[in-house]
> 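Following this message is one structure expressed as structure tokens.
Just so you know, ligand 1 is whichever comes first in the structure, and atom 1 is the first atom listed for that ligand.
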Amino acid sequence: MEPALPTAHHTKPASRIFNFGAGPATMPVEVLEKAKWELVNWHEAGMSVMEMSHRGEEFVRIAAEAEADLRALLAIPKSYKVLFLQGGATMHFSAVPMNLLRGRKKADYLNTGEWAKKAMAEAKKFCEVNVVASSEDRNFTYVPKQAAWKRSADAAYVHVCTNETIGGVEFHWTPDTGDTPLVADMSSHILSKPCDVTKYGLIYAGAQKNIGPAGLVVVIVREDLLGSALADTPNVLNYKLMADADSMLNTPPTFSVYLAGLTFKWLLERGGLAGIEKVNIAKAAHLYGYIDSQDFYSNPVVKEDRSRMNVPFTLKDASLDAKFLQEAEARGLSQLKGHRSVGGMRASIYNAMPMEGVEALVDFLEEFRAQNS
Ligand SMILES: *Cc1c(COP(=O)(O)O)cnc(C)c1O
């Protein structure tokens with residue numbers, strides 16, 4: 001029998017900071033402790049997961065359990081394949097058109113910000129991109145309503161980025177694209193709330209925001225969309241070939257898959273996605289509630305489209321930015337600097353950020369405001 005874990009943390013160990021970085025991002029401390037405990041000798045295997053053959057019995061079991069747990073969390077139907085791939089979400093900006101054009105020459109994209117733009121730029125290498133709507137007119141501070149979308153009749157799919165990590169804009173509704181498959185980049189909010197997978201043709205997400213370490217991309221795809229990849233598609237980017245090989249056409253990122261699996265179990269132990277959503281709603285309400293309560297800080301996003309995961313905000317006096325960041329860092333509130341493309345601050349409060357961290361941040365925000373205004 002395995003020895004029990006030495007500690008079960010319900011609060012942050014003193015040695016750890018609150019990391020508000022957008023990604024790679026904070027992970028559940030319980031997951032890190034378990035991985036540490038199992039690192040050198042996984043379940044009496046006499047070796048680390050990193051040292052196992054990906055074709056060996058142990059790792060095949062680890063990967064199968066990770067998939068089963070992810071399927072349980074998202075209630076993924078049997079008609080969908082779950083793939084554990086590589087290349088970051090960025091690689092899948094290309095892999096999506098390569099696999100899903102299916103003989104068509106056009107795809108519809110919604111332009112909601114920096115990540116949607118990057119996805120479109122890659123797709124243009126493979127097909128005509130029709131921009132159904134854009135929020136660039138108001139600096140990407142809202143999600144264009146579906147009634148205003150100008151879709152094309154012959155698009156192979158409709159692509160959306162359901163949480164813009166940089167702009168802090170999130171879909172709180174699911175588009176209805178009828179028979180045209182809906183494709184979503186969910187990198188920065190997957191598993192933060194329940195999601196009806198059956199509304200999507202394909203969902204993809206890089207792991208380093210809300211799942212685990214970088215190096216892994218989760219792809220959830222309806223099986224009937226597979227099998228018509230462009231002829232030049234590299235085998236490792238061909239979703240059909242990867243699905244047929246249980247994502248092991250080549251060596252998968254084994255340690256990242258293992259850690260993702262631990263995160264899935266961590267979520268299941270906390271009431272699954274409905275359970276974590278409650279915490280995420282409370283965290284976001286506390287932070288936005290404070291930001292809206294005074295005028296020293298502000299967030300530009302339309303209230304109904306604000307992200308629960310990424311909260312950009314600016315100081316009224318930007319000359320205080322450096323002082324703000326320095327004092328935050330000194331209190332163990334780390335990586336609050338906003339993305340270089342938008343400036344200001346950004347607090348990423350993913351699943352693994354406890355309420356305690358958001359409370360510490362809000363306390364600091366108020367103290368800093370009182371001392372500098
Ligand atoms: C981080 C991120 C990406 C890019 O991920 P990489 O792993 O760097 O390729 C793409 N889309 C969204 C929404 C992201 O947050």
Side-chain angles (χ1 to χ4, degrees), residues 19-27 83-98 107 109-125 129 134-136 140-143 157-172 174-175 182-193 195 200 202-221 234 236-237 247 252-253 255-257 259-260 263 280 301 305-312 335 337-342 346-353:
N19 178 358
F20 295 95
T26 192
M27 285 180 54
L83 309 176
F84 292 128
L85 304 178
Q86 304 184 60
T90 303
M91 182 77 93
H92 296 269
F93 293 161
S94 302
V96 163
M98 287 175 131
Y109 277 72
L110 179 70
N111 184 13
T112 45
E114 300 305 320
W115 289 114
K117 282 202 285 188
K118 287 194 170 148
M120 290 191 289
E122 289 296 313
K124 277 181 190 157
K125 297 175 183 173
V129 167
S134 169
S135 54
E136 196 154 17
F140 298 122
T141 52
Y142 69 101
V143 177
Y157 58 87
V158 181
H159 181 282
V160 292
C161 175
T162 46
N163 187 68
E164 285 282 358
T165 321
I166 294 171
V169 171
E170 179 174 12
F171 272 79
H172 296 289
T174 307
L182 177 61
V183 174
D185 174 1
M186 293 194 183
S187 294
S188 50
H189 75 158
I190 192 166
L191 305 182
S192 67
K193 58 185 175 185
C195 164
Y200 298 85
L202 186 147
I203 291 166
Y204 64 106
Q208 73 271 28
K209 282 45 183 273
N210 226 358
I211 294 179
L216 170 69
V217 179
V218 171
V219 174
I220 301 164
V221 56
V236 293
L237 293 183
S247 306
F255 199 67
S256 293
V257 170
L259 285 163
T263 301
N280 287 330
V301 179
D305 298 330
R306 282 172 166 179
S307 171
R308 289 180 193 151
M309 298 283 104
N310 308 99
V311 184
Q335 298 211 53
K337 195 173 177 6
H339 191 269
R340 58 188 183 280
S341 68
V342 294
R346 173 176 48 173
S348 294
I349 51 174
Y350 298 119
N351 287 348
M353 174 60 65

> May I have a table of the N/O to N/O pairs between ligand 1 and the protein that fall below 3.5 Å, each row giving the two atom names and the distance to 0.1 Å?
{"from": "ligand 1", "atom 1": "7 (O)", "to": "Gln208", "atom 2": "NE2", "distance (Å)": "2.8"}
{"from": "ligand 1", "atom 1": "9 (O)", "to": "Ala89", "atom 2": "N", "distance (Å)": "3.2"}
{"from": "ligand 1", "atom 1": "9 (O)", "to": "Thr90", "atom 2": "N", "distance (Å)": "2.9"}
{"from": "ligand 1", "atom 1": "9 (O)", "to": "Thr90", "atom 2": "OG1", "distance (Å)": "2.5"}
{"from": "ligand 1", "atom 1": "11 (N)", "to": "Asp185", "atom 2": "OD2", "distance (Å)": "2.6"}
{"from": "ligand 1", "atom 1": "15 (O)", "to": "Thr165", "atom 2": "OG1", "distance (Å)": "2.4"}
{"from": "ligand 1", "atom 1": "15 (O)", "to": "Lys209", "atom 2": "NZ", "distance (Å)": "2.6"}

> Please verify the inter-ring angle class for His159 with Phe93; under 30° counts as parallel, over 60° as perpendicular, anything in between as tilted.
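His159 vs Phe93 ring planes: perpendicular.
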> Please list, chain by chain and in numerical order, all residues satisfying side-chain contact (heavy atoms from CB on, under 4.5 Å) with Ala95, sequence neighbours excluded.
His92, Asn99, Leu237, Tyr239
> Can you find a side-chain donor-acceptor pair between Asn351 and Ser192 that sits under 3.5 Å?
no
> Looking only at the side chains, is there a donor atom on one of Tyr350 and Asn280 sitting less than 3.5 Å from an acceptor on the other?
no
> Sub-3.5 Å donor-acceptor pair from the side chain of Glu170 to the main-chain atoms of Arg308, do we have one?
yes
> Please check if any side-chain donor atom of His189 sits under 3.5 Å from a side-chain acceptor atom of Ser307, or the reverse.
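Looking only at side-chain atoms, Ser307 and His189 do not form any donor-acceptor pair under 3.5 Å.
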